[in-house]
Amino acid sequence: MNAEESYEIRLKVNGRTQHVTAPARRLLSDALRGELGLTGTHVGCEHGVCGCCTVLVDGAPVRSCLTFAVAVQDKDIRTVEGLAAGDGELHPVQEAFKECHGLQCGFCTPGFLMTACALIEQNNDPTEQEITEAIAGNLCRCTGYQNIRAAVRRAAEITRSDKR
Amino acid sequence: MTPQNFGRAIRRTEDDRLVTGRGSFTDDAGSTGLSLTMIRSPYANARILSIDVSEALEVEGVQAVLTYSDLPGRLVEPLPLLIPHPSLVAPRTQYILANEHVRYVGQAIVAIFATDRYVGEDAAERVIIEYEPGEAVVGIDAALGPHLVHEDVPGNVAADHSEHVGDVDTALANASHVLELELNMERSMGSSLEGRASHATWDRHSRKLRIQNATQTPTSVRFAVANILEIPDEQVEVFAIDVGGGFGTKVIHPWPEDILTAWGAIEYDCPVKFTEDRVEHFISSSHERAQRHQIKVGFDEEGRILGLDVDFIHDNGAYTPYGMIAPLITATQLPGPYKLPNYRVRFRSVYTNTVQVTPYRGAARPHAVFSMERTIDRIAAFLEIDRAEVRRRNFIQPDEFPYDLGMIFQDGRPAIYDSGNYPELLEKVLSMIEWDDFPERRSQATPGRRRGIGVACYVEGTGLGPYEGGHVRVETGGKVQVSTGLASSGQGHHTVFAQIVADELGVPFEDVEVVTGDTRRFQYAVGTFASRAAVTSGNAVAEAARLVKEKAISIAADALEANPDDLEIVDAQVQVKGTTARGIPLAQVAVLANPLRYSFSEAARAATQFAGAGDLDEPPVKPGEDPGLEATGWYSPVRATFASGAHAVEVEVDAATSEVEILRYCVVHDCGRLINPMIVEGQIHGGVAQGIAGALYEKMAYDEDGNLQNASFMDFLMPYCTEIPEVEIDHLETLSPLNPLGIKGAGEAGVIPVSAAIAAAVEDAEGFQINHMPLFPSELHEMRAIGVDEPN
Ligand code: FES
Ligand code: FES
């Protein structure tokens with residue numbers, strides 16, 4: 001059996017356009033982690049259920065393990081590596097997860113951060129219900145979620161006070 | 001004075017890395033080289049008739065396709081039996097690749113080395129394996145039946161173990177009342193979000209095998225690999241930088257893939273990586289929890305237990321690499337906080353054609369607590385006495401420590417409770433949940449729903465030996481480098497060990513940097529499990545810091561021409577007590593601690609040979625001393641220290657859907673002195689969540705042919721945030737007299753009594769007995785129809 005056909009894929013990740021040569025079936029998660037070395041995006045189940053691999057595509061949370069890299073050419077992809085400001089200042093969700101002990105092993109964390117980021121950038125004053133709905137598709141085996149909820153609440157609070 | 005770090009909720013030093021995507025998990029390591037893909041058995045019990053790999057070898061990018069007959073040297077041997085035990089008469093461990101026979105769905109048969117996992121899986125589809133399937137033995141009933149998992153293990157019995165204290169038969173015969181119970185618990189598993197993984201590189205120039213592994217015990221990986229590959233330990237370096245959760249599964253080394261990646265790296269002279277996928281984690285790592293308990297309890301009119309007789313069957317799956325640790329823990333932890341003058345326990349551990357069973361967070365204590373607490377609730381119901389009152393009447397009292405259970409614990413040493421205050425734990429949790437006012441709340445249940453309340457207490461042996469060590473070194477730049485051999489998988493070790501060292505040494509917390517789980521930094525270790533890391537490594541790094549402090553004071557005393565007894569270290573300066581005026585920075589002491597010929601910095605000049613320091617009639621490094629401001633400390637406990645706690649829960653059960661809703665969940669926890677309350681509470685939250693998962697959602701759904709039907713996160717109901725309530729926590733701190741820091745372990749506690757507490761609350765709501773866990777709404781629905789929990 002011969003190697004399959006490869007494609008040149010343009011990926012715009014965290015504001016930077018990069019070229020990846022990969023077969024059509026290369027998952028976005030694998031392209032980010034392997035070809036681009038952006039290993040902050042994690043793979044916990046590779047079947048779309050755990051949310052560890054969540055990245056933002058045009059601002060919306062997407063499971064990169066269910067997305068082919070070729071399918072998101074030229075779209076705006078944001079990963080955990082692109083959350084902090086250029087000068088290293090942490091994004092409110094990053095700050096809040098630290099402050100509230102919203103992570104233990106940190107494996108699920110990038111997925112939660114991206115999910116929470118999408119929520120808070122759209123709505124910086126979410127209700128408890130909205131927080132629950134936003135993160136209800138992400139699994140964490142370590143924290144029992146209590147501090148993750150608190151962190152999302154806190155991130156919203158930081159965002160609001162930043163705006164004032 | 002340097003501010004006290006110990007006891008404060010300091011933010012974790014781990015987090016900056018982890019929230020910015022700069023963590024370093026094993027699969028993050030290099031993507032060059034080869035990827036290992038395994039072909040696993042689709043049969044629970046079968047003979048392998050033939051394997052044809054020829055077509056797979058044609059796939060471009062495939063380096064090699066190996067079966068058992070291709071394995072060299074010691075790779076043909078069964079994997080080691082990690083913990084032998086006299087009762088384990090028929091231990092069996094698996095081969096790296098199946099040798100003629102497969103005994104569970106998921107057992108590795110073929111190893112494919114290919115350029116990446118995509119190619120490896122293409123090749124896997126082209127391997128043709130012929131099987132002759134046999135009868136699968138699935139579940140405890142089948143294990144007691146006629147079919148065998150291992151042809152040479154009669155009755156499928158791996159171990160038959162008994163222990164007793166007192167005279168149970170006489171106690172039962174003389175008791176005013178005797179009750180019998182059958183209690184069942186199902187399988188679940190650790191399910192860390194990062195699966196097993198190993199990345200091995202071979203540096204043929206320096207002849208070093210470097211392995212990054214998703215492990216709780218790097219030294220185990222190292223010694224196993226060196227042993228099986230027959231190379232010196234010195235050539236093998238193992239490190240775990242970030243580990244995405246362990247929960248016990250990542251203790252059981254070597255896995256076949258640990259050995260194959262290491263061997264492949266040398267054989268093919270390139271990096272080799274294995275990253276388990278989710279299905280593999282379900283069918284080829286470890287499970288735990290399936291046990292069936294027969295209990296007979298004799299008690300008096302007041303509800304005092306006179307005799308307890310327990311006979312249980314433990315389903316150990318197809319292999320026993322970790323010996324009998326899990327059922328031994330059930331046996332010895334079953335008495336919990338209660339006085340059992342006459343206690344007899346027997347277990348039989350049986351083989352089934354399912355994934356091997358090894359400890360999963362809580363390690364067979366959830367079963368022990370479920371058994372004991374269900375028994376107490378049954379006594380209370382029989383005598384119509386308040387459930388809390390029966391507990392009070394049976395507690396070991398605070399003035400009875402040390403309390404000898406008269407049994408042998410999982411560390412091979414006597415189970416002697418060192419400290420605790422069980423009555424106070426109970427009173428605290430009862431007042432938290434407002435136990436006495438519950439009757440009123442019961443009547444306020446949402447219409448159409450039934451309300452119930454439950455409580456459960458436990459004792460957990462933690463912080464066991466044999467030992468851990470710690471190394472502390474003050475750098476001439478002022479940073480304090482700390483290392484210990486056990487690995488971290490989310491427990492915040494980098495933070496808590498820094499808190500301990502900062503206080504012991506007298507330096508700012510920010511100056512302390514901790515490395516865990518790297519054999520290049522610390523060669524001797526046991527590992528992170530059994531809620532032991534804080535106790536063992538915590539006390540070891542504290543000891544190392546004390547030694548460094550002593551050394552720093554002695555060097556500074558020379559330099560300052562002061563009496564060592566008059567010196568202290570405050571804020572990284574060695575000074576005459578009470579004055580900052582006469583002192584010398586610790587960084588400068590580090591310079592003086594290393595007599596130099598060459599200087600590489602301004603500061604280092606003071607230690608060079610013409611600087612005029614030191615007595616010219618003595619050697620620069622005095623006899624009995626070592627250069628460098630560093631020390632290694634060890635902590636080897638004589639035996640485990642026993643943490644304890646009480647949980648109380650209030651639930652409502654929906655009459656129409658039979659869904660159990662947790663209204664309040666309260667925890668009072670005693671792990672001795674708290675190093676960092678924020679981290680301890682985080683451990684409890686996570687533990688309780690896993691407990692709720694095991695009580696209401698998770699089980700391994702095997703069909704009778706041994707297929708795991710729910711081997712994905714779509715079907716295995718691991719809770720999301722929608723299923724887990726807020727947990728209310730209070731602490732009690734009875735210090736352990738066994739270690740200088742007074743600490744006890746906290747990692748597993750949260751999970752231990754949850755099934756017992758929830759069963760009690762549902763039973764209270766429904767009015768019929770709950771004898772098994774987990775408890776699904778569909779079962780509860782049926783139980784309501786017949787008004788009883790039928791043993792399944
Ligand atoms: S890895 Fe994509 S959802 Fe689990
Ligand atoms: S922090 Fe470990 S899985 Fe969420």
Short N-O contact, Arg141(A) and Glu698(B), less than 4.0 angstrom: yes
Contacting region of Cys142(A) [heavy-atom separation from chain B under 4.5 Å]: both
Leu90(A) versus chain B, the contacting section by heavy-atom distance below 4.5 Å: side chain
Ile724(B) and Gln146(A), any side-chain heavy atoms less than 4.5 Å apart: no
Atom group of Val243(B) that falls short of 4.5 Å from chain A, counting heavy atoms: backbone
Glu46(A) versus chain B, the contacting section by heavy-atom distance below 4.5 Å: side chain
Contact origin within Ala693(B) toward chain A - heavy atom pairs under 4.5 Å: side chain
Contact origin within Glu14(B) toward chain A - heavy atom pairs under 4.5 Å: neither
Interchain contact, Cys140(A) with chain B, by part (heavy-atom threshold 4.5 Å): backbone
Partner chain A: residue of Gly246(B), Gly61(B), Pro719(B), Gly687(B) with the largest heavy-atom pair count (under 4.5 Å): Pro719(B)
Rounded distance [0.5 Å steps], SG in Cys45(A) versus CE in Met718(B): 9.5 Å
Which portion of Ile679(B) sits near chain A, non-hydrogen atoms under 4.5 angstrom: both
Lys/Arg N to Asp/Glu carboxylate O, Arg117(B) vs Asp30(A), below 4.0 Å: no
For chain A, the option from Asp242(B), Val279(B), Asp27(B), Val62(B) that forms the most heavy-atom pairs under 4.5 Å: Asp27(B)
Interface moiety of Tyr118(B) toward chain A, non-hydrogen atoms closer than 4.5 Å: both
Greatest number of heavy atom pairs closer than 4.5 Å to chain A - which of Ser191(B), Ser31(B), Gly23(B): Ser191(B)
Partner chain A: residue of Ala9(B), Gly190(B), Ala689(B) with the largest heavy-atom pair count (under 4.5 Å): Gly190(B)
Contact leader toward chain A among Leu18(B), Leu193(B), Ile692(B), where contacts are heavy-atom pairs under 4.5 Å: Leu193(B)
Minimum side-chain heavy-atom gap Thr132(A)-Tyr720(B) below 4.5 Å: no
Contact origin within His42(A) toward chain B - heavy atom pairs under 4.5 Å: side chain
Contact class of Ser712(B) relative to chain A, heavy atoms under 4.5 angstrom: both
Tyr145(A) (side chain) donor-acceptor with Glu723(B) (main chain) under 3.5 angstrom: no
Point-to-point distance, once rounded to the nearest 0.5 Å, from CZ of Arg33(A) to OG1 of Thr275(B): 7.5 Å
Contact origin within Glu99(A) toward chain B - heavy atom pairs under 4.5 Å: both
Leu139(A) versus chain B, the contacting section by heavy-atom distance below 4.5 Å: both
Region of Leu27(A) that comes under 4.5 Å of a non-hydrogen atom in chain B: both
Contact check, side chains of Met714(B) and Val49(A), non-hydrogen atoms, under 4.5 Å: yes
Chain A interface, residue from Arg361(B), Gln690(B), Glu681(B) that has the most non-hydrogen pairs under 4.5 Å: Gln690(B)
Spacing of Leu103(A) atom CG and Arg12(B) atom CZ [to the nearest 0.5 Å]: 5.0 Å
Heavy atoms from other residues, nucleotides or ligands near CD of Glu89(A) exceed 12 (cutoff 6.0 Å): no
Separation of Glu95(A) CD from Asp15(B) CG (nearest 0.5 Å): 10.5 Å
Main-chain N/O of Glu726(B) paired to Arg149(A) side chain as donor or acceptor, under 3.5 Å: no
